[in-house]
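One structure is given here, and the rest of the page talks about it.
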There are 2 protein chains.
Amino acid sequence: MGMGQQRERGFKLTPQRAAIMAYLEGNRSHPSAEDIYAAVLEKYPMVSLATVYNTLEILKQMGKVTELNIDGERKHFDPEIEPHHHLICTRCKKIINVRKEFDLEVPRDISREFKIMDRHADFYGVCSDCDNGAEKAA
Amino acid sequence: MGMGQQRERGFKLTPQRAAIMAYLEGNRSHPSAEDIYAAVLEKYPMVSLATVYNTLEILKQMGKVTELNIDGERKHFDPEIEPHHHLICTRCKKIINVRKEFDLEVPRDISREFKIMDRHADFYGVCSDCDNGAEKAA
DNA sequence: TTCTCTGCAAATGCTTTGCAGAGGC
DNA sequence: GCCTCTGCAAAGCATTTGCAGAGAA
C-alpha cells in the first residue's frame, strides 16, 4: 500500500498502523473492522479495535481504502483502488469483486443537479455453497 | 399499497400498520425507520418505534418494501417495486431515484457460481443545495 | 517539551428482543 | 379462550469518543 504521500504533517506510521496496512495490502476478502482486528491481533497482540477504526478512517481519508455499504449489517473495507463492483452472498455474506465495466451515466436532469463523485453496481445473490445443502460457510 | 395477499395466516392489519403503510404508499423520500416513526406519530400518537421496525420487517418479507443500504449510517426503506436505482447526497443524505435502465449482467464465471437475486447501481454525489453555500439542508 | 497515537472503557446510535397486557374473532 | 399485536424497556451490536499515559522528535 505504501505510505508515499501522507494525510498531512504529523502522520505516524506506527507498528499498529503498519500491521493493519500490511493486512489490507492486496487483500480481496473485503474484511469488516472486526475481521481486520482479529487478523492483525494474531500477529500483533498490541492492537485495539479503536485503533483499527481510527486507522481505517485515516486510510479512507487518504483514499487508500474504500468503505463498502453492500452489507447492511456492518461496513466492509476494500483496499483496491481500481474501479470495480461487488456481489454479496446474502446467506454467508461473502463479498466478491465483479470486474466489468458498466455504463453508469445518470440522466442529464440529475447530473445537472448533482455532482457525482462515485458510482458502482451492487449485486445480491446466493453462492453455490449456500445454495446447495444447508447453510454451511455461515 | 393494498393488502392483497398477506404473508401468512394470522396477519392483522392493525391501525398502526395501516398508518405506516399509508405513509409509505407512494412515498419517494426513502425514509429511515426513525423518519417513518416521526411521521406516523404526528397523525397517530399510538405507535412505537418497535412496531415500526416490526412492520417494516413484515413488509420486507411480503416484498412490499425494499431496504436500502446506500447510506452507511442507517437503513432506508423504499416502497417502490419497479426496478430503479439511487443517488445519495453524501452531505445532506438526501436520496433520489435514478430511473434508467442499466445493463447489469455479471460475467459468466460469476453467474455460474452465484444465483443473482437483485442488482442495482448506487450513485454518490453532492446536490446543488449542499454544493453552493455552506451545509444547509443538513 | 510538544505532538500524535494507543488502549481502555464509556458512550452513542441504530436495531432487536422479551414480555405482560390489550384487542379481535 | 386463543392468538397476534403493541408499547415499553432492556438488550445487542457496530462504531465513536474521551482521556490519561506512552513514545518519538
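Labels below follow one simple rule: chain letters A, B, ... track the order of the sequence lines, proteins then strands, and each chain is numbered from 1.
- Atom C1' of nucleotide D:dA14 and atom CZ of B:Arg74 are separated by 14 Å, given to the nearest angstrom.
- With the nearest nucleotide of DNA chain C identified for both A:Pro15 and B:His76, A:Pro15 has the one nearer the 5' end.
- A:Leu56 places its CG atom 16 Å from the C1' atom of D:dT17, with the value rounded to the nearest Å.
- Put simply, CD on B:Gln61 is 14 Å from C1' on C:dT16, counting in whole angstrom units.
- The nearest whole Å value for the distance from the CD1 atom in B:Ile20 to the P atom in D:dC5 is 12 Å.
- Interatomic distance, CZ of A:Arg17 versus CZ of A:Phe11, reported as 4.5 Å (0.5 Å rounding).
- Each of B:Phe77 and A:Ser48 has a nearest nucleotide on DNA chain C; the 5'-most of these lies closest to A:Ser48.
- Among the heavy atoms of the strands lying under 4.0 Å from A:Gln16 are primed sugar atoms or P, OP1, OP2 only; no base atom is included.
- Rounded to an integer number of Å, the gap from OH of B:Tyr37 to P of C:dC14 is 13 Å.
- No side-chain donor-acceptor contact under 3.5 Å links A:His76 and A:Asn69.
- Minimum atom distance to the side chain of B:Ala50 is reached by D:dA9, of the listed D:dA9, C:dC5, D:dT17.
- Between A:Glu105 and A:Arg119 there is a salt bridge, with a side-chain nitrogen of the basic residue lying less than 4.0 Å from a carboxylate oxygen of the acidic one.
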Which pairs, protein N/O on one side and nucleotides 22-25 of chain C N/O on the other, fall under 3.5 Å?
from   : atom 1 : to      : atom 2 : distance (Å)
C:dG23 : N2     : B:Lys12 : NZ     : 3.2

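- Atom CD in A:Glu67 sits roughly 15 Å away from atom P in D:dA14 (whole-Å rounding).
- Between the CD atom of A:Glu34 and the P atom of D:dT15 there is a distance of 8 Å, rounded to whole Å.
- OP1 or OP2 of D:dT6 lies within a sub-4.0 Å distance of a side-chain N or O belonging to B:Thr14.
- Classified by interplanar angle (parallel below 30°, tilted 30° to 60°, perpendicular above 60°), the ring pair A:Phe102/A:His85 is perpendicular.
- Residue B:Arg17 places no side-chain N or O under 4.0 Å from the OP1 or OP2 atom of D:dT4.
- For C:dT16, the OP1/OP2 oxygens have no side-chain nitrogen or oxygen of B:Tyr53 closer than 4.0 Å.
- Evaluated for a salt bridge (Lys or Arg N to Asp or Glu O under 4.0 Å) with B:Lys75, the options B:Glu57, B:Glu34, B:Glu67 yield exactly one hit, B:Glu67.
- Here A:His120 and B:Tyr124 bring their ring centres to under 6.0 angstrom of each other.
- B:Glu57 comes within 4.0 angstrom of nothing in the nucleic acid, heavy atoms only.
- Rounded to whole angstrom, the span from the CE atom of A:Met46 across to the P atom of C:dC8 amounts to 6 Å.
- No side-chain donor-acceptor contact under 3.5 Å links B:Ser111 to the backbone of B:Val106.
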